Participant: 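Questions regarding the structure given below will be posed in turn.
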2 protein chains.
Amino acid sequence: MAPVNTILDRKLVFHSLGAVSEGLRMAEATCQQRGLQFTEIRRSVLECMWQSGQPIGAYELLRMLGQKFGRPLSPPTVYRALEFLQEQGFVTRIETKNAFVPCAFPDRDHACVFFICDQCGNSFEVQNAKAEALFEEDAGNLGFRIDKRVIELQGACASCLSLEATGN
Amino acid sequence: MAPVNTILDRKLVFHSLGAVSEGLRMAEATCQQRGLQFTEIRRSVLECMWQSGQPIGAYELLRMLGQKFGRPLSPPTVYRALEFLQEQGFVTRIETKNAFVPCAFPDRDHACVFFICDQCGNSFEVQNAKAEALFEEDAGNLGFRIDKRVIELQGACASCLSLEATGN
DNA sequence: GCACGAAATGTTATAACGTTGCATATCGAA
DNA sequence: TTCGATATGCAACGTTATAACATTTCGTGC
Ligand SMILES: [Zn+2]
Ligand SMILES: [Zn+2]
Ligand SMILES: [Zn+2]
Ligand SMILES: [Zn+2]
């Protein structure tokens, strides 16, 4: 029990290619379960984001989808898909980059905590239940009701740091 | 000692009018100490922000300063002032609002933690050293070096909640 | 005071991001 | 198949932020 909780509380997920089909399947199943349409566009947007492995902007998605569909799409199309995916918890907006990433734990209610590398652009999602509790405590002292939490930690990732140390 | 640390770690500051002149004086003194120019524009931008009491956008600042100076200013003017004020730690950008607020603790190295009310727009800054330590621990596990921390908690503030409960 | 480099600001244009409003098409259930 | 609800197409516009280059102001040494 203890190790399980530890893993869940402090899980670490790389947005890697291996997770693409898994992420899509999960989203599709959830939509079916909720009676919502997992349309071609919505699927494609989510797929691009899983494949990318880093936060990706709306207009870059627009270009990628234009390629994929063989015709130009317009901004509202992408923004509407992103809105849907965010509402369903499949996608989180990265405020510091005006960009979007798939959520690594769409099945759990949590504060997404992102580590974002300024050099390679990769992002890593973590959960930290203890930190959530601390903020909830602050909120209690303020009489504040928290609806949404944005936690984005920027800096340099392990691989960029090691490159920096060795290769210069 | 213990109570003092407690206060500093979990201090709560309302961006109230009372702090305007204090905030400006402190910024001016710090600039002098660092051999930097606290120019009319920089001062005016910071003053508007302290007076506002809530996150304020660059283009709204632009309009306010246009009024104040009796001539239209251009975006780069305001953005350059904001950049300077951020570099000096006097101002923090609120990523979720594309807006800016004065930092409540410009003299301390810390992660600014903001509670932002969606209804009245007011923001409250807090420090939470324990949460900072937890994220640092996560970073250690990832081999990640944190350079910048963005923590923004959105929801409803105490006064808005009480209004909601009573007056409807 | 004057010369000079550094810092700050002025100015114009444009990039990047996001939304509104309305028309059309598609879906899902009666 | 009809009909309301949902999703998409499309054009225009609004907001936020930056690039590039000219000009002014500041601070220092002469
Ligand atoms: Zn998440
Ligand atoms: Zn990296
Ligand atoms: Zn602060
Ligand atoms: Zn409020």
Side-chain angles (χ1 to χ4, degrees), chain A residues 27-28 31-46 48-49 52 54-66 68-88 90-101 121 150 152, chain B residues 27-28 31-46 48-49 52 54-66 68-88 90-101 121 150 152:
Chain A
E28 181 158 26
C31 283
Q32 189 147 22
Q33 184 183 324
R34 294 176 186 169
L36 301 172
Q37 303 180 43
F38 194 57
T39 64
E40 171 88 19
I41 288 179
R42 290 169 180 175
R43 192 193 137 86
S44 299
V45 167
L46 187 55
C48 285
M49 293 173 62
S52 152
Q54 19 183 279
I56 182 172
Y59 277 73
E60 194 181 342
L61 280 168
L62 204 51
R63 283 187 289 274
M64 294 170 75
L65 294 181
K68 175 166 182 173
F69 285 92
R71 67 189 162 96
L73 298 192
S74 50
T77 301
V78 163
Y79 279 102
R80 285 189 285 231
L82 288 170
E83 184 183 11
F84 172 85
L85 295 170
Q86 285 178 271
E87 282 168 358
Q88 300 310 314
F90 303 148
V91 160
T92 306
R93 179 183 161 85
I94 302 293
E95 301 289 343
T96 49
K97 300 282 184 203
N98 294 335
F100 304 84
V101 291
V150 172
E152 300 174 13
Chain B
E28 181 157 26
C31 283
Q32 189 147 21
Q33 184 182 324
R34 294 176 185 167
L36 301 172
Q37 303 180 43
F38 194 57
T39 64
E40 171 89 20
I41 288 179
R42 291 169 179 176
R43 191 193 139 85
S44 299
V45 167
L46 187 55
C48 284
M49 294 172 63
S52 152
Q54 22 182 276
I56 181 172
Y59 278 74
E60 194 181 342
L61 279 168
L62 204 50
R63 282 186 288 276
M64 294 170 75
L65 294 180
K68 175 165 181 172
F69 285 93
R71 67 190 163 96
L73 298 192
S74 48
T77 301
V78 163
Y79 278 100
R80 285 189 284 232
L82 287 170
E83 185 183 12
F84 172 85
L85 295 170
Q86 285 178 270
E87 283 168 358
Q88 300 310 315
F90 303 148
V91 159
T92 306
R93 179 182 161 84
I94 302 293
E95 300 288 344
T96 49
K97 299 283 185 203
N98 294 333
F100 304 83
V101 290
V150 172
E152 299 174 13

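The sequence lines fix the lettering, A, B, ..., with proteins before strands; numbering per chain opens at 1. What you see is a predicted model, and the numbers here were worked out from it, not measured in a lab.
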Participant: Are A:Arg43 and A:Phe38 in a cation-pi contact, defined as NZ or CZ under 6.0 Å from the six-membered ring centre and within 45° of the axis?
Facilitator: no
Participant: Could you give the CD-to-P distance, from B:Glu40 to D:dC26, as a whole number of Å?
Facilitator: 11 Å
Participant: For B:Gln86, does the CD atom sit with more than 12 other heavy atoms under 6.0 Å from it, leaving out its own atoms?
Facilitator: yes
Participant: Taking only residues two or more places apart in sequence, or in another chain, which ones meet B:Glu152 in a salt bridge (Lys or Arg N to Asp or Glu O under 4.0 Å)?
Facilitator: none
Participant: Start with the C-alpha distance between B:Leu82 and B:Leu61, add both sets of side-chain angles, then the distance that settles side chain to side chain contact (heavy atoms under 4.5 Å, CB included), and finish with yes or no.
Facilitator: CA-CA 10 Å; B:Leu82 287 170; B:Leu61 279 168; 4.0 Å; yes
Participant: Could you check how far CD of B:Gln88 sits from C1' of C:dA7, rounded to whole Å?
Facilitator: 14 Å
Participant: Tell me: CZ of B:Phe38 to C1' of C:dA7, nearest whole Å?
Facilitator: 17 Å
Participant: Round to a whole Å and report the spacing from CD of A:Gln37 to P of C:dA25.
Facilitator: 17 Å
Participant: Could you check whether any side-chain N or O of A:Ser44 sits under 3.5 Å from a backbone N or O of A:Glu40, counting only pairs where one atom can act as donor and the other as acceptor?
Facilitator: yes
Participant: Can you measure from CD (A:Glu28) to CG (A:Leu46) and round to the nearest 0.5 angstrom?
Facilitator: 10.5 Å
Participant: Is the phosphate of D:dG9, meaning OP1 or OP2, less than 4.0 Å from a side-chain N or O of A:Thr77?
Facilitator: yes
Participant: For a side chain to side chain donor-acceptor pair (under 3.5 Å) check, start with the C-alpha distance between B:Gln88 and B:Arg34, then their side-chain angles and the critical distance, and finish with the verdict.
Facilitator: CA-CA 10 Å; B:Gln88 300 310 315; B:Arg34 294 176 185 167; 2.7 Å; yes
Participant: To the nearest 10 degrees, what angle separates the axes at the start and end of the helix from C:dG1-D:dC30 to C:dA30-D:dT1, five pairs each?
Facilitator: 30°
Participant: Atom CZ of B:Phe84 to atom C1' of D:dC26: distance rounded to whole Å?
Facilitator: 14 Å
Participant: Under 3.5 Å, which N/O atoms of the protein pair with N/O atoms of nucleotides 14-18 of chain D?
Facilitator:
from	atom 1	to	atom 2	distance (Å)
D:dA17	OP1	B:Arg93	NH1	2.6
D:dA17	OP1	B:Arg93	NH2	2.5
D:dA17	OP2	B:Tyr79	OH	2.7
D:dA17	O5'	B:Tyr79	OH	3.3
D:dA17	N7	B:Tyr59	OH	2.6
D:dA17	N6	B:Tyr59	OH	3.3

Participant: Tell me the interatomic distance from B:Leu73, atom CG, to D:dT23, atom C1', rounded to whole angstroms.
Facilitator: 16 Å
Participant: Report the distance from atom CG of B:Leu36 to atom P of D:dC26, rounded to the nearest whole Å.
Facilitator: 15 Å
Participant: Please determine if A:Glu95 and A:Arg93 form a salt bridge, counting it only when a charged side-chain N lies under 4.0 Å from a carboxylate O.
Facilitator: yes
Participant: Evaluate the criterion side chain to side chain contact (heavy atoms under 4.5 Å, CB included) for residue pair A:Arg42 and A:Phe90; output intermediate values, then yes/no.
Facilitator: CA-CA 11 Å; A:Arg42 290 169 180 175; A:Phe90 303 148; over 6 Å; no
Participant: Expressed as a whole number of angstroms, how long is the span from A:Arg34:CZ to D:dT6:P?
Facilitator: 17 Å
Participant: Using only side-chain N and O atoms of A:Thr39, determine if any of them is under 4.0 Å from OP1 or OP2 of D:dT8.
Facilitator: yes
Participant: Reckon B:Arg80 touches a base, only the sugar-phosphate, or nothing at all at heavy-atom distances under 4.0 Å?
Facilitator: base
Participant: Which is true for A:Ser74 with a 4.0 Å heavy-atom rule: it touches a base, it touches only sugar-phosphate, or it touches nothing?
Facilitator: base
